[in-house]
Peer 1: 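Before I ask anything, let me first share the structure, which is written out below as structure tokens.
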Amino acid sequence: MATDANKFQAIISHCKEYGFIFPSSEIYEGLQAVYDYGQWGSELKKNIKDYWWKSMTQQYENIVGIDAAIFMHPTTWKASGHVDNFNDPMIDNKDSKKRYRVDHLIETKAEEMRNDGRNDEADGLLDEMDKLIAKDDFDGLRQLIINRGIKCPISKTSNWTEVRQFNLMFSTQIGSVSDESSEIYLRPETAQGIFVNFLNVQKTGRLKIPFGIAQIGKAFRNEIVARQFIFRMREFEQMEMQFFCRPGTQKEWFEYWKGERQKWHLSLSIPESKFRWHPHAKPAFYADNAGDIEYEFPFGFKEVEGIHSRTDYDLKQHQEYSKKKMQYFDSEINQNYIPYVIETSIGLDRTILMMLSEAYAEEDLSLPTGQAGTAEKQDSRVVLRFPSKIAPMKLAVLPLVKKDGLPEIARKIMDDCKSHFRCFYEEKDTIGKRYRRMDAIGTPFCVTVDQQTKTDDTVTIRYRDTMQQKRIPANKVREIVQQSIQ
Ligand code: ATP
């Protein structure tokens with residue numbers, strides 16, 4: 001079994017070998033921190049998106065979805081604070097010429113301290129860092145790095161430059177004239193598309209507070225340090241929901257959404273022990289409360305979803321910059337006000353990495369469990385134990401041999417199922433090899449059509465996780481799979 005240290009590498013290789021995720025423009029040596037989803041990765045991604053969308057917009061009657069454009073008027077980003085504040089303090093090592101995010105260097109040091117059992121020292125270090133970041137004290141941050149003996153992981157030296165701020169937004173030009181007035185940004189978060197449409201949606205949807213607006217879409221950040229596969233990308237997708245509530249009620253809604261989102265994560269069949277809640281000691285300047293849902297990736301606990309109580313900051317800012325009223329009239333209390341907002345923001349790609357990390361298993365199969373004569377007797381297998389509802393492929397239909405009318409019967413089963421869920425048909429290779437390939441992409445069910453099917457209309461269903469097989473009527477296949485993916 002892969003240890004945690006090499007499990008991450010094994011997942012990356014597996015994703016490439018089995019058509020989940022490829023480096024972008026790989027034939028040109030790739031583009032750092034940009035990835036393409038292949039045939040199974042894109043199915044997995046779509047299933048997770050659909051599951052989130054359904055969970056948010058269908059399960060809660062007071063949440064609706066939108067799909068806003070990536071390009072927005074440049075003033076949006078001035079108003080939101082991104083032009084002035086969406087910066088990360090960075091430091092360069094003069095020997096390796098590598099650039100690092102200051103908070104990442106310090107957090108890695110704190111993690112090492114924890115691994116040595118020096119928990120108090122690690123907490124102290126992080127507290128000190130938070131205070132210096134809050135004061136924009138860059139000299140102090142540099143001193144902290146030097147005093148704590150933090151070295152460049154490549155050159156192993158402490159030959160550091162000054163700490164500088166880098167804005168993470170990508171910009172480009174709109175229209176044919178490239179002058180300053182045509183500069184436009186690729187959105188670094190999807191949230192602002194929701195805020196600027198707040199009244200459009202509220203009025204046309206006749207929505208009453210409290211209500212939410214959900215959105216799934218691409219976001220772009222010029223991440224300086226980006227080497228954790230799809231954990232930190234320059235082009236990624238977010239699934240966000242902004243919940244508009246009455247001022248003064250934000251505390252209780254924050255707790256409510258924290259609970260609801262934690263339940264959602266557990267509904268992906270991940271044990272509770274793999275999650276932890278990380279409250280922010282000092283929330284961002286626009287928030288009065290914030291925290292992260294962290295998952296234990298093979299490289300440690302890291303944020304998957306952020307929950308922020310964003311106050312009325314964004315709507316107020318847009319009101320000021322656009323000179324358009326962002327107020328809501330609350331007929332219950334007969335008052336106009338700018339609503340407060342609770343945001344739940346989860347990275348789609350990080351959720352995919354979480355699901356891959358959870359599902360990936362290398363298993364020793366020295367004991368034969370399958371039918372006599374099948375290759376279930378192989379020594380080992382790699383299996384992705386995805387919950388059926390998000391598995392890229394739900395069912396494989398496999399005629400045991402390519403003759404005797406078996407492919408025709410198998411095709412009929414395909415026809416009965418393929419308009420209901422994603423199915424895969426394959427007749428090449430031994431049945432054992434075909435099972436292995438389905439395990440490797442996480443297909444929960446395989447059905448095999450054999451000679452007996454011709455006499456009694458039964459097929460063998462084989463379960464991915466237990467590898468157990470049993471005979472069932474061929475006309476029950478669709479129902480069994482459908483039940484498991486609901
Ligand atoms: P981090 O501290 O890891 O940079 P963040 O706090 O800046 O993340 P948010 O701005 O709260 O992240 O974004 C919400 C979610 O979007 C995050 O929880 C994460 O899942 C996802 N996300 C943010 N940046 C990236 C990225 N560069 N690549 C992939 N997903 C990302």
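Hydrogens, waters and symmetry mates play no part in the numbers below; they use all other heavy atoms, side chains included. Numbering of ligands and ligand atoms starts at 1, following listing order.
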Peer 1: Once you round to the nearest 0.5 Å, how far does NZ of Lys389 lie from NZ of Lys54?
Peer 2: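 Output value for this atom pair is 9.5 Å.
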Peer 1: Any salt bridge between Asp439 and Arg464, counting N to O under 4.0 Å?
Peer 2: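 So Asp439 does not pair with Arg464 through a salt bridge.
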Peer 1: Taking non-hydrogen atoms within less than 4.0 Å of ligand 1, which protein residues qualify?
Peer 2: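 Arg101, Arg221, Glu223, Phe231, Arg232, Met233, Phe236, Gln238, Glu303, Val304, Glu305, Gly306, His308, Ser345, Gly347, Arg350.
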Peer 1: Once the angle between the rings of Phe243 and Trp253 is folded into 0 to 90°, is it parallel (under 30°), tilted (30 to 60°) or perpendicular (over 60°)?
Peer 2: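 Phe243 vs Trp253 ring planes: tilted.
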Peer 1: With a 4.0 Å cut-off on N to O distance, would you call Glu240 and Arg310 a salt bridge?
Peer 2: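 So Glu240 does not pair with Arg310 through a salt bridge.
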Peer 1: Which side-chain N or O atoms in residues 122-136 pair as donor and acceptor under 3.5 Å with protein atoms at least two apart or in another chain?
Peer 2:
unit_1, atom_1, unit_2, atom_2, d
Asp123, OD1, Arg114, NH1, 3.1
Asp123, OD1, Arg114, NH2, 3.2
Glu128, OE1, Arg148, NH2, 3.2

Peer 1: Please confirm whether Tyr328 and Phe244 have ring centers closer than 6.0 angstrom.
Peer 2: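 Not under 6.0 Å, so no.
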